[in-house]
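Heads up: numbering here begins at 1 and tracks the sequence.
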Amino acid sequence: MENWLNPGLIFSGATVAVALRDSSDTDVLLEKSIIYQEKFNAKTVLLNPKRFDYSSSEIRKRVSDGLCIDFFVPKAVSDYIKNERLYTE
């Protein structure tokens with residue numbers, strides 16, 4: 001999250017859901033969550049500790065390659081990406 005463009009703006013307008021991926025550690029994620037709360041007044045939610053082995057970059061790549069993302073994101077998100085033609089250029 002520290003590499004995001006304008007993380008303060010994102011955190012000010014949203015609660016960010018955090019999920020474990022391949023080498024993620026729950027304790028590290030909780031610690032980072034506290035840091036972001038202090039630094040950005042962030043609201044974060046740790047999702048079920050089931051690991052997700054894909055990233056937002058991979059989802060954007062799937063969209064740009066014309067592949068389905070329905071199993072990676074909620075239907076509303078998939079619909080929004082399709083309707084707004086995000087990541088297609």
Side-chain angles (χ1 to χ4, degrees):
M1 289 185 245
E2 56 271 351
N3 295 325
W4 289 359
L5 179 64
N6 300 320
L9 181 62
I10 294 168
F11 285 129
S12 71
T15 298
V16 177
V18 181
L20 294 171
R21 282 197 300 187
D22 49 1
S23 63
S24 298
D25 180 354
T26 305
D27 293 334
V28 172
L29 288 177
L30 291 173
E31 183 178 311
K32 283 192 174 196
S33 178
I34 292 168
I35 291 169
Y36 295 135
Q37 287 173 11
E38 293 170 353
K39 186 172 182 180
F40 299 110
N41 196 28
K43 295 178 232 47
T44 59
V45 175
L46 182 60
L47 298 177
N48 181 346
K50 177 182 175 188
R51 293 184 184 271
F52 293 95
D53 292 328
Y54 53 88
S55 68
S56 58
S57 298
E58 291 171 288
I59 292 170
R60 288 191 298 272
K61 173 110 173 71
R62 288 185 67 83
V63 172
S64 71
D65 290 345
L67 300 173
C68 179
I69 60 167
D70 293 344
F71 296 107
F72 298 93
V73 297
K75 182 176 178 355
V77 173
S78 178
D79 289 346
Y80 182 81
I81 290 171
K82 288 175 193 170
N83 293 337
E84 297 298 319
R85 298 182 181 159
L86 300 177
Y87 318 125
T88 57
E89 295 180 9

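When side chains are defined from C-beta on, Asn41 does not count as touching Phe11, because their heavy atoms never get closer than 4.5 Å. With contacts defined as side-chain heavy-atom distances shorter than 4.5 Å, the pair Phe72/Val77 does not qualify. Looking at heavy atoms from C-beta onward, Val63 lies out of side-chain contact with Leu86 at the 4.5 angstrom threshold.
Judged by distance alone, with hydrogens and angles left aside, the side-chain atoms of Glu38 form no donor-acceptor pair with the main-chain N or O of Ile35 at under 3.5 Å.
Criterion: ILVMFWY side-chain heavy atoms under 4.5 Å apart, direct or through other members. Under it, Trp4 and Tyr36 are part of a common hydrophobic cluster. Residues Tyr87 and Ile59 share a hydrophobic cluster, clusters being chains of Ile/Leu/Val/Met/Phe/Trp/Tyr side chains in contact below 4.5 Å.
Shown here for Ser55 and Glu58, the closest heavy-atom pair between the two residues is N-OE1, 2.5 Å.
Taken from OH in Tyr80 to NZ in Lys75, the straight-line distance is 15.5 Å, to the nearest 0.5 Å. Taken from CD1 in Ile81 to OG1 in Thr88, the straight-line distance is 11.0 Å, to the nearest 0.5 Å.
Among residues two or more places apart in sequence or in another chain, the side chain to side chain contact (heavy atoms under 4.5 Å, CB included) test is passed with Asp70 by Cys68, Ser78, Lys82.
No more than 12 heavy atoms of other residues, nucleotides or ligands sit less than 6.0 Å from atom NZ of Lys61.
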